[in-house]
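Below is one structure, written out as structure tokens, with a few remarks after it.
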2 protein chains.
Amino acid sequence: MAPPAKTSRAEIVAAARAIIAERGVAALSLQQVAAAVGVQAPSLYKRFDDRAALLAAVHDALLEELAGVLAAQTLARPAQALAAMGRAYRAFAHRLDRLYPLLFASGGTPSPAALAALAPLMTTLDTLVGRAHSLPAARTLTAFLHGFVTMELNASFQMAGSVEDAFDFGLTAVIRGVIGGGADADAPAVDVARE
Amino acid sequence: MAPPAKTSRAEIVAAARAIIAERGVAALSLQQVAAAVGVQAPSLYKRFDDRAALLAAVHDALLEELAGVLAAQTLARPAQALAAMGRAYRAFAHRLDRLYPLLFASGGTPSPAALAALAPLMTTLDTLVGRAHSLPAARTLTAFLHGFVTMELNASFQMAGSVEDAFDFGLTAVIRGVIGGGADADAPAVDVARE
DNA sequence: ACCTGAACACCGTTCAAGT
DNA sequence: ACCTGAACACCGTTCAAGT
């Protein structure tokens, strides 16, 4: 006779997420997760291949949330939308906090979900800098955003100045730089070509 | 009688570094390190408080190297120097590869070495955008660089375009954006202020 | 002073046995 | 079908004992 299931994939993911949010990924053990859902550790292997698969499930959930967060920032004027997405991304990262590193943990498998999450950013850049430059522009912007929030969540900004101001300054600068580089309208103020 | 030391701090750090370079930080065990230097694992505790202290020692070595790499890029024209530092940073990160995450792993302790490593970048930005803006400018640039190399080392750039081109595009864009934002000479091309 | 083996409390994971 | 206890091969770390 089949005993009723004591837990579920969703419950396990939620428990793992809560533990990571509180103590970080490194501190997550399957035994803790199992205890949190009222089961013994080996039972988790009924629903997940291994620890990595459980982390991948958390990762997927976060990516889906990110997609929603960015999609909500599609405004009429694309430059405004871009800035709004940047700020929304940072706010999302702050909300995740110790969960944030999981958002980027590429388990080796390239995920279509990751591309989908960034789709609103890509289309906004398409209209703003043109298809020819939207990919490098997107990479520049995401690199800045990922780098900035990683550094602030790691407390890597050690000097005194306001991190808030630095983000506003940086986001504005990156958007300006990326827009200026997309069109060949005006020559760059300073030539930084290889020598 | 004191038996002669079988190993040394430097040898242990080198062994740890080699293992991390080959298999990543997560795969580093003290037992492997001990075996590599011809000793039993508990002996490592004679020279390092714990695993974290060993990782911190590797981290310090990497930071010192980074300082040298950036200092070597101080050129006559500051905008060129900035671009050169950006490219040198990326090349250094590629050389480190699986060791790179350790460069940023803030063990909680704010290190003066980290500030020293970035000093050449800071002084270059001082002359380029002025003291009033050099701190946010430095944060913007380091965020971009750290984010970009993290993403490429993680294989997070999934789309088809050239990552090389994206870096050149991004570095130029960020430098241009940061310079344009430093002086209040000309108004930004697009207003991205909060709404 | 330095190194060792034995031990402790943990891991992730497998698997036969229960219901 | 789902869950469990026991077991395996690992961890990091401590410590008494050797030289």
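Worth knowing before you read on, the calculation uses all heavy atoms, side chains too, and leaves out hydrogens, waters and symmetry mates. Order of the sequence lines sets the chain letters (A, B, ...), proteins ahead of strands, with each chain counted from 1. Everything numeric here is computed off the predicted structure, so don't read it as measured data.
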Is any NZ, NE, NH1 or NH2 atom of the basic residue among Arg17(A) and Glu65(A) found under 4.0 Å from an Asp or Glu carboxylate oxygen of the other? yes
**Prompt:** Think Gln32(A) has a side-chain N or O under 4.0 angstrom from the OP1 or OP2 of dC11(C)?
**Reply:** yes
Contacts satisfying side chain to side chain donor-acceptor pair (under 3.5 Å) that involve residues 94-105 of chain A (not counting sequence neighbours) are Tyr89(A)-Tyr100(A), His94(A)-Glu152(A), Tyr100(A)-His146(A)
Does a side-chain N-to-carboxylate-O contact under 4.0 Å join Arg90(B) and Glu164(B)? yes
Arg9(A) atom CZ is separated from dC2(D) atom P, nearest whole Å, by 13 Å
From CD of Gln31(B) across to P of dT4(C) the rounded distance in Å is 13 Å
Whole-Å distance, Asp50(B) CG to dT13(D) P, equals 5 Å
Here the distance between atom P of dC11(C) and atom CG of Leu55(A), to the nearest Å, is 15 Å
May I ask you to say what Leu54(A) touches in the nucleic acid, namely base, sugar-phosphate or nothing, with a heavy-atom cut-off under 4.0 Å? nothing
| query | Cationic tip of Arg139(A) within the cone over Phe169(B)'s six-membered ring, i.e. under 6.0 Å and within 45° of the normal? | reply | no
Per atom distances to the Val39(A) side chain, the nearest of dT4(D), dT13(D), dT4(C) is dT4(D)
Ranking dA6(C), dG12(D), dT14(C) by distance to the side chain of Tyr45(B), first place goes to dG12(D)
note: Ile12(B), atom CD1; dC2(C), atom P; distance rounded to Å ~ 11 Å
message: I want to check one thing: is the phosphate of dC3(C), taken as OP1 and OP2, less than 4.0 Å away from some side-chain N or O of Arg47(B)?
response: yes
So does Ala27(A) get a backbone contact from the side chain of Gln32(A), meaning a donor-acceptor N/O pair under 3.5 Å?
yes
Q.
Categorize Ser8(A) for me: base, sugar-phosphate, or nothing, with a 4.0 angstrom heavy-atom threshold over every strand shown.
A. nothing
| task | Take atom CD of Glu64(A) as the centre, draw a 6.0 Å sphere, and report whether it contains more than 12 heavy atoms from other residues, nucleotides or ligands. | result | no
Taken to the nearest whole Å, CD/Gln40(A) to C1'/dA6(D) is 12 Å
Arg51(A) CZ to dT14(C) P, in whole Å, measures 15 Å
Check the phosphate of dT4(D) against Lys46(A), side-chain N and O only, distance under 4.0 Å to OP1 or OP2. Yes or no?
no
Less than 4.5 Å apart, side chain to side chain, heavy atoms only: is that true for Leu103(B) and Phe92(B)? yes
Paired runs of 3 or more consecutive Watson-Crick or G-U pairs involving DNA chain D, with both pairing distances under 3.5 Å, are C:4-8 with D:12-16, C:12-16 with D:4-8
Q.
Does Leu44(B) reach a base, just sugar-phosphate, or nothing at all? Heavy atoms under 4.0 Å.
A. nothing
Inset, instruction - Scan Ser43(A) against the nucleic acid and name what it touches under 4.0 Å (heavy atoms): base, sugar-phosphate only, or nothing. - result: base
note: Asp49(B), atom CG; dT13(D), atom P; distance rounded to Å ~ 10 Å
